[in-house]
Amino acid sequence: MKRVGLVGVTGYTGMELTRILLGHPSLRLTKVTSRKEAGQPLQRIYPFLQGTKLGDLEITTPDCTVLAADCDLVFLAVPHCTAMEMAAELRGLGTRVVDLSADFRLRDHEVYESWYQVPHTQSALLAEAVYGLPELYAERIAGAGLVANPGCYPTSAILALYPALAAGLISPEDLVIDSKSGTTGAGRKAGVGTLFCEVSDTFRAYNLTKHRHTPEIEQELGVAAGREIRLSFNTHLLPINRGILTTAYAKLSPGADLEKIRACYQEFYAGKRWVRLLPQGTLPETRWVRGTNFCDLGLVTDPRTDRLIVVSAIDNLCRGASGQAVANANLMLGLEEGAGLPFAPLMP
Ligand SMILES: NC(=O)C1=CN([C@@H]2O[C@H](COP(=O)(O)OP(=O)(O)OC[C@H]3O[C@@H](n4cnc5c(N)ncnc54)[C@H](OP(=O)(O)O)[C@@H]3O)[C@@H](O)[C@H]2O)C=CC1
Ligand SMILES: CC(=O)N[C@@H](CCC(=O)OP(=O)(O)O)C(=O)O
């Protein structure tokens, strides 16, 4: 058994990490932190833990020295800006870190500073951080001390377009990525924008042209394309708790057709069990991936406009955050990538 710690257990991604780790065969959650709930047993805030091995685990205040002394690896499920200082302290103490925030995802600290509007105080650590998308970087993740867990929207967008771009089957110009997320994507902290009456029975776009996940998607799809790219990425808030549905549009390269593109995706994702290319004619839905680590993909070509349309569905909390974080931790600790990850959807 490897011992793991979790900073930010009371947030939505902390809650999801707790759910996953409860059933993990080789990772034992030994330290959990929250500033506001310190001193409580975990079952007091999560009644679903009553009668389980995690029920009596006491929530403590975050302390990197205590975490490092006890844990082989620590998950940081805290807001960006907070994570960078803790990651540096934990790395200094020799502990492996999976950071769920955005602090180490962008390789260039100036890009981070311009999109997040805060100084990056630990830019020296950026060189050490590995971007935690296992389908692209599994080998590097396995040897990493610090993994930057991808953003939820970027996970859905990068997996949707990477193979076609890398194979030159679509143009890197004029990519359009249209994403919709459930409300847990905004975190558990109180805010008028996520009140029940503000989000139920309505559907709206937000942050058009300036969402902070834009540079992260451009960075990784730029690797696929082998050049810098600029794309349109826009977001919408769905009146559901969990799930992201992304629809991506790209101009087909000369000679590219659906048959070639499907063959390319099949080859690219062969052996990568958490990405499922759905049969032709079937499109992804958020309900079939809810609570799982799957990313479902559907491919359509439109000969009238000469475009490829890729639809991807993930669960923002599992594949888009905590499930992916556990996959990364598994790789870092020498375990099978999928150990402990849920594969059957949470049904209605
Ligand atoms: N929600 C999602 O779908 C996704 C979230 N993420 C990222 O994961 C991280 C966590 O997100 P989420 O769980 O939604 O956030 P929440 O707002 O729901 O929870 C944040 C957690 O962090 C703790 N926390 C806040 N500030 C500090 C601090 N200064 N020091 C220590 N602990 C702190 C809080 O507890 P307390 O205040 O009591 O200490 C709480 O437990 C964020 O960086 C987010 O952007 C990434 C992908 C998807
Ligand atoms: C619905 C909703 O509000 N989603 C969040 C997703 C951000 C997130 O969680 O990602 P980071 O880890 O990069 O902060 C948003 O659009 O900001």
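Order of listing sets the numbers, starting from 1, for every ligand and every atom in it.
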(request) Note the single closest protein heavy atom to atom 12 (O) of ligand 2, along with its residue, its atom name and the distance in Å. (result) R105 NH2, 2.7 Å
(message) Please compare G185, A77, A321 and report which has the shortest non-hydrogen distance to atom 6 (C) of ligand 2.
(response) G185
(request) Kindly tell me which protein residues have any non-hydrogen atom under 4.0 angstrom away from an atom of ligand 1, grouped by chain and ordered by number? (result) G8, V9, T10, G11, Y12, T13, S34, R35, K36, P62, A77, V78, P79, H80, T82, M86, L100, S101, R105, C152, T184, G185, G187, R188, K189, N316, L317, G320, A321
(request) Could you tell me whether some N/O pair between E216 and ligand 2 is separated by less than 3.5 angstrom? (result) no
(message) Could you identify the single nearest non-hydrogen protein atom to atom 2 (C) of ligand 2 and state the distance to 0.1 Å?
(response) Y206 OH, 3.1 Å
(message) Assess whether a salt bridge exists between R242 and D315, defined as any Lys/Arg side-chain N lying under 4.0 Å from an Asp/Glu carboxylate O.
(response) yes
(request) Using the rule that two of Ile, Leu, Val, Met, Phe, Trp, Tyr join whenever any of their side-chain heavy atoms come within less than 4.5 Å, decide whether L17 and V78 are in one cluster. (result) no
(message) Check this for me: does any side-chain nitrogen of one of D306 and R304 sit under 4.0 Å from a carboxylate oxygen of the other?
(response) no
(request) Work out which heavy atom in Q280 is nearest to a heavy atom in R262; give both atom names and the distance. (result) OE1-CD, 3.4 Å
(message) R212 versus ligand 2: do any nitrogen or oxygen atoms come within less than 3.5 Å of each other?
(response) yes
(request) With heavy atoms of G182 as the reference, note each atom of ligand 2 found under 4.0 Å away. (result) 1 (C)
(request) If you have a sec, work out which protein heavy atom is nearest atom 15 (C) of ligand 2 and how many Å separate them, to one decimal? (result) H211 NE2, 3.4 Å
(request) Just do the ring-ring contact (aromatic ring centres under 6.0 Å, His included) check on F104 and H120 with the steps written out, would you? (result) CA-CA 9 Å; F104 296 97; H120 202 302; 5.5 Å; yes
(message) According to salt bridge (charged side-chain N to carboxylate O under 4.0 Å, His left out), who are the partners of E173, at least two apart in sequence or on a separate chain?
(response) R227
(message) Does Y206 have more than 12 heavy atoms from other residues, nucleotides or ligands lying within 6.0 Å of its OH?
(response) yes
(request) Could you pull out all residues at least two apart from E228 that satisfy salt bridge (charged side-chain N to carboxylate O under 4.0 Å, His left out)? (result) R230
(request) Return a yes/no value for Y153: is any of its N or O atoms, backbone included, closer than 3.5 angstrom to an N or O of ligand 2? (result) no
(message) I'd like to know whether ligand 2 has T235 as a neighbour, heavy-atom separation below 4.0 Å.
(response) no
(request) Would you please name every residue forming a salt bridge (charged side-chain N to carboxylate O under 4.0 Å, His left out) with R107, sequence neighbours left out? (result) E220
(request) Would you mind running through ligand 2 and noting each atom that sits below 4.0 Å from a heavy atom of L237? (result) 1 (C)
(request) Report yes or no: do Q40 and E58 form a side-chain donor-acceptor pair below 3.5 Å? (result) no
(request) Mind checking whether A186 contacts ligand 2 via backbone (N, CA, C, O), side chain (CB onward), both or neither, at a 4.0 Å heavy-atom cut-off? (result) both
(message) Starting from atom 11 (P) of ligand 2, what is the nearest protein heavy atom, named by residue and atom, and what distance separates them?
(response) H213 NE2, 3.4 Å
(request) Side-chain contact test, heavy atoms from C-beta onward, threshold under 4.5 Å: evaluate it for F75 versus V7 and give yes or no. (result) no
(message) Minimum heavy-atom separation for A321 and T13, please, with both atom names.
(response) CB-CG2, 3.7 Å
